[in-house]
Amino acid sequence: MLDIRRIRTEPDVVKAALARRGIDGSDIDRVAALDEQQRRLAAERDEVRVQVKALSKQVGALHRDGKADEAAAAQAQSRALGEREQTLAAEAAAAAAEVRELLLRIPNLPHPDAPDGASEADNPVVRVVGFDPDGYEPAQRIPHWDLGPRYGILDNERAVKISGAMFTMQRKGGATLARALTQYALDRNADAFEEVRPPSLVLSETLTATGQLPKFADDAYAIERDDLWAIPTAEVPLTSIHRDEIIDTASLPLRFMAATSCYRREAGSAGRDTRGMLRTHEFDKCEVFAYATPEQAPELLDDLIDRAERGIADLGLAYRVLEICTGDLGQSHHRSFDIEVYAPGTDQWLEVSSVSWFSDYQARRGNIRYRPGGGGTAMVHTLNGSALAVPRVWAAIVETYHDGDAIAVPEVLLPYFRGSTRIA
RNA sequence: GGAGCGGUGGCAGAGCGGACGAAUGCACCGGUCUUGAAAACCGGCGGCCCGCAAGGGCCCGAGGGUUCGAAUCCCUCCCGCUCCGCCA
């Protein structure tokens, strides 16, 4: 959510920033007009309230002095004012609600350094690491959806029987690999991040704070009978840990990590990437997250990117880093980087991590504050990144480490394999 | 799920129709004293909104209602605790 005061004081700056995302400024004009109306109504309401309060005090005093007639007159006057106050209060509240409703749907302003662009195709590649297009053996050029059934480690046919399309089931060494990746991601970030196991079903308020609601309700699974939603990422509950709180400034930055299942309806993606493990309704992911001051945020962003990169590099996989251009930036994002791993069997770059800085956009939605030096309160900044998204890394490993007879276990995962060195 | 009790400032805890945004204690910040610290004493100390300011309004779990006036009375909901039931 953008700062309404910023929209009031420098609407042109806000509109110019949104224009970089390809969004016209008409919503900003609407919000500004409604906001002005809201403030006018609230001021009028307050004036009436002042009179009611003064009259009420008089009534009490008059009764004590035994002047019943005068008290009755003041009461009548106050009652009449009370009706006017109620009308004004209702109008002001309605205007305020409408302002918020609009504000919740306006995306964040991009960082000045975020590259301009219209779509995914314009995301610049920042660097490519460990990739040699001619360095792969024929055995590595087999897609994981063929290797999976061949070695009995992926059983999507039965997953579909159990849960329908776009669900997967790993078995034997494949299941171990999935679990090992989660454990690996947690272990290597435990130096700086508190491990959390948050709830996977959350309230609407929780999903609103991160930005999924109200605009992207169709993307999330709803458990309507109990008014709960299945989380699409651990970012959602982690962001709400300190929702509606003022965080002790000395404790910032606060860093959390959580491995959870993530649930996505993938509305609009039906028929895309349907084979194997590339796009599924339920998958495991280890998320790293931070609350920070605005001053701490840039450094933390670099650290999150670095951690995600090293996690992939140490698995022996080739990857590249992309910066997200203004036209492809998610609604809540201020600045964002993607890490894509190379899967030789499918010959694709697979997005396995997205690291983002949200500035104060989510904090304002969730009312998450701290006390900056000069007194008062201010919104914190939030940042998050996938330390590791399991399915696509799983696919890249199975393809990269296939030698014709089995899949070798990457060295850094050996501690999680109960002595096995090969998946077959 | 049933019954009982309860939700007040960072915490504890008073208030139970009018002068209450709210006693008191603790915590916290500044000062005095001290070589330094502790103790003691003095002062300060919630959040939000509007306003250049002066000032005004709102917030006692949430939402409605009664009243000239609600933290205080009534209704609905949410949450917590205790006991019972069920349960991995």
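Chain identifiers are assigned alphabetically (A, B, ...) following the order of the sequence lines, protein sequences preceding nucleic acid strands; residue numbering begins at 1 within each chain.
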Practice prompt. Could I get the full list of ring-ring contact (aromatic ring centres under 6.0 Å, His included) partners for A:Phe417, not counting sequence neighbours?
Written response: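 Once residues adjacent in sequence are excluded, A:Phe417 has no partner under the ring-ring contact (aromatic ring centres under 6.0 Å, His included) criterion.
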Rounded to the Å, how far apart are [X] [atom1] and [N] [atom2]?
X: A:Ile246; N: B:rC48; atom1: CD1; atom2: P; result: 6 Å
X: A:Glu205; N: B:rC77; atom1: CD; atom2: P; result: 18 Å
X: A:Leu88; N: B:rC58; atom1: CG; atom2: P; result: 14 Å
X: A:Arg371; N: B:rG9; atom1: CZ; atom2: C1'; result: 11 Å
X: A:Arg100; N: B:rC48; atom1: CZ; atom2: P; result: 16 Å
X: A:Leu62; N: B:rG18; atom1: CG; atom2: P; result: 17 Å
X: A:His63; N: B:rU67; atom1: NE2; atom2: C1'; result: 11 Å
X: A:Asp244; N: B:rG10; atom1: CG; atom2: P; result: 13 Å

Discussion item. Any base atoms under 4.0 Å from A:Ser56, or only sugar-phosphate, or nothing? Heavy atoms, all strands.
Written reply: base
Heavy atoms only: give me the nearest [X]-[Y] pair and the separation to one decimal.
X: A:Val59; Y: A:Ala71; result: CG2-O, 4.1 Å
X: A:Leu383; Y: A:Ala292; result: CD1-CB, 4.1 Å
X: A:Gly174; Y: A:Trp394; result: O-NE1, 2.8 Å

Contact under 4.0 Å: [X] side-chain N or O vs [N] OP1/OP2:
X: A:Arg45; N: B:rC49; answer: no
X: A:Arg39; N: B:rC50; answer: no
X: A:Arg5; N: B:rC49; answer: yes
X: A:Lys53; N: B:rA70; answer: no

Fill in: Main-chain N/O of A:Thr346 paired to A:Glu399 side chain as donor or acceptor, under 3.5 Å
yes
Between [M] and [N] - [atom1] atom distance, rounded Å:
N: B:rG63; M: B:rC78; atom1: P; result: 15 Å
N: B:rC86; M: B:rG69; atom1: C1'; result: 49 Å
N: B:rC77; M: B:rC83; atom1: P; result: 25 Å
N: B:rG43; M: B:rA54; atom1: P; result: 24 Å
N: B:rG10; M: B:rG47; atom1: C1'; result: 12 Å
N: B:rG44; M: B:rG25; atom1: P; result: 13 Å
N: B:rC11; M: B:rC50; atom1: C1'; result: 32 Å
N: B:rG57; M: B:rG51; atom1: C1'; result: 11 Å

Fill in: Contact nearer the 5' end of RNA chain B, comparing A:Ala43 with A:Arg369
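Its nearest nucleotide being more 5', the pick is A:Arg369.
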Discussion item. Go nucleotide by nucleotide along RNA chain B from the 5' end; which of A:Asn367 and A:Gln86 gets its closest nucleotide reached first?
Written reply: A:Asn367
Any strand counts, and the cut-off is 3.5 Å on both contacts for Watson-Crick or G-U wobble. Which nucleotide pairs with [N]?
N: B:rC26; result: B:rG10
N: B:rU34; result: none
N: B:rG80; result: B:rC5

Given [options], identify the nucleotide with an atom nearest to the side chain of [X].
X: A:Thr377; options: B:rC48, B:rG46, B:rG57; result: B:rC48
X: A:Val59; options: B:rG47, B:rC48, B:rG18; result: B:rG18
X: A:Arg49; options: B:rC58, B:rG46, B:rC48; result: B:rC58

Could you give the side-chain donor-acceptor pairs of residues 308-317 of chain A under 3.5 Å, partners two or more places apart or in another chain?
from	atom 1	to	atom 2	distance (Å)
A:Glu309	OE1	A:Arg127	NE	3.2
A:Glu309	OE1	A:Tyr319	OH	2.6
A:Glu309	OE2	A:Arg127	NE	3.3
A:Glu309	OE2	A:Arg127	NH2	2.6
A:Arg310	NE	A:Asp306	OD2	3.0
A:Arg310	NH2	A:Asp306	OD2	3.2
A:Asp314	OD2	A:Arg188	NH1	3.2
A:Asp314	OD2	A:Arg188	NH2	3.0

Item to complete: Determine the interplanar angle of the A:His111 and A:Trp357 rings, folded into 0 to 90°, and report it as parallel if under 30°, tilted if 30 to 60°, perpendicular if over 60°.
Response: tilted
